There are 2 protein chains.
Amino acid sequence: MGKGEETRAAVLDEAARVVSTAGLNGLTIGLLADRMQLSKSGLFAHFRSKEQLQVAVVERAAELFAERVVRPALQAPRGEPRLRELFDRKLRWDNGDLALPGGCFFASVSAELDDAPPGRVRDRVVSAERDYGDLLANIFRTGISEGHFRPDADPEQYAFDIRGVLLSYHHASRLLADPKAEDRARTAFEALLRAARI
Amino acid sequence: MGKGEETRAAVLDEAARVVSTAGLNGLTIGLLADRMQLSKSGLFAHFRSKEQLQVAVVERAAELFAERVVRPALQAPRGEPRLRELFDRKLRWDNGDLALPGGCFFASVSAELDDAPPGRVRDRVVSAERDYGDLLANIFRTGISEGHFRPDADPEQYAFDIRGVLLSYHHASRLLADPKAEDRARTAFEALLRAARI
DNA sequence: CCAAAAGGCGAACGGTCGTGCTTTTATTGG
DNA sequence: CCAATAAAAGCACGACCGTTCGCCTTTTGG
């Protein structure tokens, strides 16, 4: 890896941190240059437009998520244990233990882009969110064939439900600073599992 | 109402629409002046800083929410029917039928401010969100004393759960454009009620 | 109807934004 | 070690940001 790619990677890591707390809108080239102790133009040269920087940082965040949340969770046994592991890691991802200081990167960015006009950045975020939904549904489906969950349970509804729990957790812990947020999230998760169990 | 207050009110209505789609960050004085066919300085004079404009628009949105969602719902019979009415109206509020084109004003703004430093705007949003959570919990509590729900159910957990359903609905419908989003939300809501029923 | 007050406009300010250029400095391969 | 190449800096630009101020126009109360 040449010097260029090295700085580029470092810039993207810092950018992901910025976005997780300040949103895509708070990610500014000048600010990022300051943080990296680089000149605006020097940093700018690595991406050739702001949009490309944004796309790159979304992709970096997706990598980080795959690397620290998804991949480790996939090593747990299929079905319910894997679901538990994924949930657990997602909670830690959300509260900043695993990577980014501002909680879930995608929670911030999703809300920011939900009514935005179509574009490369939005598309990339949508695709990451779809992937995550599919992942949840698929793991749940596996749980059905493993005999952990009722065969008539709806995996996509389950994915919808658990996403709600996680969004509500993010909301309660980040915005409302509710100390019971994690307990509430775990309680809700257990209730979902109980309702799906055979 | 003098001419001044009249324009001010109209400006705030338009501002709320802008914020619901573009976020607080997308609310710019120049843009708002254009939309209102007013000069920047003329508009600015009504608020005397951007922060005061932001606080005012959050307050206006809270009024709108109370007027179109909360107050009508409170006229339904206590307990479960009231909860249903509130949920139903909140869904319509979220998809823009009731007021603002960009879906739930507070869903956008909450995510934007969750990691922001303390300030009047953030405080006002937090207080509105707390109020809404308390409202949900209280209506649920009433449902317990009316005998609709199990006495050992936890109203605050219920408020957490339902907020998750609504956030997931917002996410699915706005960002992912999932046509089944509303069905999923209603299914999830019914499941929550079923679990809480005697 | 007229004076006083309120509302609105136009121009200008210092800043920051994203984005080009050209030049200087580091890195690298032969 | 030196030439070729890559990376970073410096500087300038037009656009828009929030904000101020002085002037004009409209509304209002007596």
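Chain identifiers are assigned alphabetically (A, B, ...) following the order of the sequence lines, protein sequences preceding nucleic acid strands; residue numbering begins at 1 within each chain. Bear in mind the structure is a predicted one, so any value in this text is a computation, not a measurement.
- No donor-acceptor pair closer than 3.5 Å links the side chain of Thr142(B) to the backbone N or O of Arg78(B).
- Atom CD of Glu6(A) and atom P of dA6(D) are 17 Å apart (whole Å).
- Set against dC17(D), dG20(C), dC17(C), the side chain of Thr28(B) has dC17(D) as its closest nucleotide.
- Without hydrogens or angle criteria, Gln157(A) side chain to Arg184(B) main chain gives a donor-acceptor distance under 3.5 Å.
- To the nearest angstrom, P of dG18(D) lies 9 Å from CG of Leu53(B).
- Between dG8(C) and Thr7(B), a contact under 4.0 Å exists linking OP1 or OP2 to a side-chain N or O.
- A donor-acceptor contact under 3.5 Å is not formed by the side chain of Ser39(A) with the base of dA8(D).
- Side chains of Asp161(A) and Thr187(B) form no contact here, defined as non-hydrogen atoms less than 4.5 Å apart.
- Here dC24(D) presents its P atom at 20 Å from CG of Leu38(B), a figure rounded to the nearest Å.
- For Lys40(B) against dG10(C), a side-chain-to-base donor-acceptor contact under 3.5 Å is absent.
- In this entry the distance linking CZ of Arg8(B) with P of dG8(C) reads 12 Å, nearest Å.
- Atom C1' of nucleotide dT19(C) and atom CZ of Phe44(A) are separated by 5 Å, given to the nearest angstrom.
- Taking 4.0 angstrom as the limit, His46(A) places a side-chain polar atom (N or O) nearer than this to OP1 or OP2 of dA8(D).
- Separating the CG atom of Asn25(B) from the P atom of dC17(C) is a distance of 12 Å, rounded to the nearest angstrom.
- Here dA8(D) presents its C1' atom at 13 Å from CE of Met36(A), a figure rounded to the nearest Å.
- You'll find that the side chain of Lys50(B) is closest to dG18(D), out of dT19(C), dG18(D), dC21(D).
- Ring-plane geometry between Tyr132(B) and Phe65(B) is classed as perpendicular, the angle between the planes exceeding 60 degrees on a 0 to 90 degree scale with a lower cut at 30.
- Between Leu53(B) and Leu32(B), some side-chain heavy-atom pair lies under the 4.5 Å cut-off.
- Hydrophobic cluster membership for Ile198(A): none, as no Ile, Leu, Val, Met, Phe, Trp or Tyr side chain comes under 4.5 Å of it.
- Ring planes of Phe106(B) and Trp93(B): parallel class, angle under 30° (limits at 30 and 60°).
- For the OP1/OP2 pair of dG20(C) and a distance below 4.0 Å, the side-chain nitrogens and oxygens of Ser41(A) include no atom meeting the criterion.
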Strictly under 3.5 Å: I want the nitrogen or oxygen pairs between protein and nucleotides 22-27 of chain C, one per line.
none

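- The distance between atom CD of Glu5(B) and atom P of dG7(C), rounded to the nearest whole Å, is 8 Å.
- Nearest-nucleotide positions on DNA chain C place Leu43(B) closer to the 5' end than the other of Leu43(B) and Leu31(A).
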